[in-house]
Amino acid sequence: MDESADREDFSEEVNTALGGFDRAMGLHFLRANVEEVLAELVIKEQHLQPYGLVHGGVYSSMIETLCSIGASLRARQDGCAAVGLENSTSFLRGAREGTLRGTAVALSTGRRTQMWRAEIRQGRDNKLLATGNVRLLNLEDGSSVAGGAMNPSTPR
């Protein structure tokens with residue numbers, strides 16, 4: 001495969017096909033290809049826990065989604081879909097307002113499994129708020145998960 005195919009941007013397709021949870025969270029993708037995924041989320045009241053800080057689930061969900069999008073784009077090159085097996089997120093610093101920017105990159109893209117790493121940053125000083133690794137399984141077209149078939153043509 002040539003390098004230009006790896007850099008093809010699917011962010012418009014991803015933004016159009018966002019599922020209910022990702023849409024409700026308010027994610028907006030700026031770049032999405034088989035090597036890197038970049039998205040933003042404007043912090044709103046629904047993202048905060050009772051102390052007024054961004055809920056840890058927001059960071060975990062952003063990390064899961066960014067890594068899953070990248071893995072799905074990579075897997076569909078082989079006619080497969082990708083599903084998460086494990087998400088490990090570490091919280092480093094809190095936030096109360098502003099915009100969160102998440103970036104995910106591939107660490108390993110094997111035939112059966114993938115590992116992606118993501119970082120969530122904020123502000124002009126680009127402070128690191130959270131990091132995470134997501135391990136994913138590549139499933140062949142038509143594989144069933146939770147009673148439904150997986151479709152590799154969907155970017156997740």
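All residue numbers refer to positions in the sequence shown, counting from 1.
- Linking Ile, Leu, Val, Met, Phe, Trp and Tyr whenever their side-chain heavy atoms come within less than 4.5 Å puts Leu41 and Phe91 in one cluster.
- Cluster annotation: Ile43 is connected to Leu27 through the hydrophobic network of ILVMFWY side chains, with a link wherever side-chain heavy atoms come within less than 4.5 Å.
- In this structure, Leu73 CG and Asn33 CG are separated by 7.5 Å, a value rounded to the nearest 0.5 Å.
- Arg93 has its side chain out of reach of Leu128: every pair of non-hydrogen atoms, C-beta onward, lies at least 4.5 Å apart.
- For the atom pair CG of Leu137 and CD of Glu86, the computed distance is 12.5 Å after rounding to the nearest 0.5 Å.
- Across every non-hydrogen atom of Ala82 and Gln114, the tightest pair is CB-NE2, 4.3 Å.
- In this structure, OG on Ser11 lies 7.0 Å from CG on Leu30, to the nearest 0.5 angstrom.
- Listed for the Arg31 side chain is no donor-acceptor partner under 3.5 Å among the backbone atoms of Leu38.
- The environment of CZ in Arg121 is crowded: more than 12 heavy-atom neighbours from other residues, nucleotides or ligands sit within 6.0 Å.
- For the pair Ile63 and Asn87, the tightest heavy-atom approach, listed with the atom from each and the gap, is CG2-OD1, 4.2 Å.
- Applying the 6.0 Å contact sphere to CD of Gln49 captures more than 12 heavy atoms from other residues, nucleotides or ligands.
- Atom CD of Gln46 has more than 12 neighbouring heavy atoms from other residues, nucleotides or ligands inside a 6.0 Å radius.
- Under the 4.5 Å side-chain heavy-atom criterion for ILVMFWY residues, a single connected hydrophobic cluster contains both Phe21 and Ile69.
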Assess whether side chain to side chain contact (heavy atoms under 4.5 Å, CB included) is satisfied between Thr103 and Val37, documenting all intermediate values. CA-CA 6 Å; Thr103 305; Val37 178; over 6 Å; no
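- Here CG of Asn15 is found 8.0 Å from CD of Glu12. Values are rounded to the nearest 0.5 Å.
- The backbone N or O of Asn126 lies less than 3.5 Å from no partner atom in the side chain of Arg101, so there is not a single donor-acceptor pair.
- Closest heavy-atom contact between Ile120 and Gly102: CD1-CA, 3.7 Å.
- Summarising the geometry, atom CD belonging to Glu36 is positioned 8.5 Å from atom CH2 belonging to Trp116; distances are rounded to the nearest 0.5 Å.
- Going from atom CG of Leu107 over to atom CZ of Arg117 covers 5.0 Å, rounded to the nearest 0.5 Å.
- Exactly one of His28, Glu40, Gln122 qualifies for a side-chain contact (heavy atoms from CB on, under 4.5 Å) with Thr99. That residue is Glu40.
- By the 6.0 Å contact criterion, CD on Glu97 is open, its count of non-hydrogen atoms from other residues, nucleotides or ligands being 12 or less.
- His47 places a side-chain N or O within 3.5 Å of a backbone atom of Met25 that can act as its donor or acceptor partner.
- When atom types are taken as modelled, the side chain of Asp78 and the backbone of Cys80 share no donor-acceptor pair closer than 3.5 angstrom.
- Closest approach of Val14 and Phe29 over heavy atoms only: CG1-CD1, 3.6 Å.
- The side-chain heavy atoms of Arg96 and Leu53, taken from C-beta on, include a pair separated by under 4.5 Å.
- Cluster membership check: Leu66 does not share its hydrophobic cluster with Val42, using side-chain heavy-atom separations under 4.5 Å among Ile, Leu, Val, Met, Phe, Trp and Tyr.
- A distance-only check finds no donor-acceptor pair linking the side chain of Asn133 to the backbone of Ser88 [under 3.5 Å].
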Apply the test salt bridge (charged side-chain N to carboxylate O under 4.0 Å, His left out) to residues Arg76 and Glu13: give CA-CA distance (whole Å), side-chain angles for both, the deciding distance (0.1 Å), then the verdict. CA-CA 14 Å; Arg76 82 178 183 180; Glu13 176 186 355; 2.9 Å; yes
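- Considering every non-hydrogen atom in both Gly57 and His55, the closest pair reads N-ND1, 2.7 Å.
- Leu139 and Leu85 end up in the same hydrophobic cluster when Ile, Leu, Val, Met, Phe, Trp and Tyr side chains are linked at under 4.5 Å.
- Judged purely by atom type and a 3.5 angstrom limit, Arg135 has no side-chain atom pairing as donor or acceptor with the backbone of Met115.
- Heavy-atom minimum distance, Tyr59 versus Leu129: OH-CD1, 3.9 Å.
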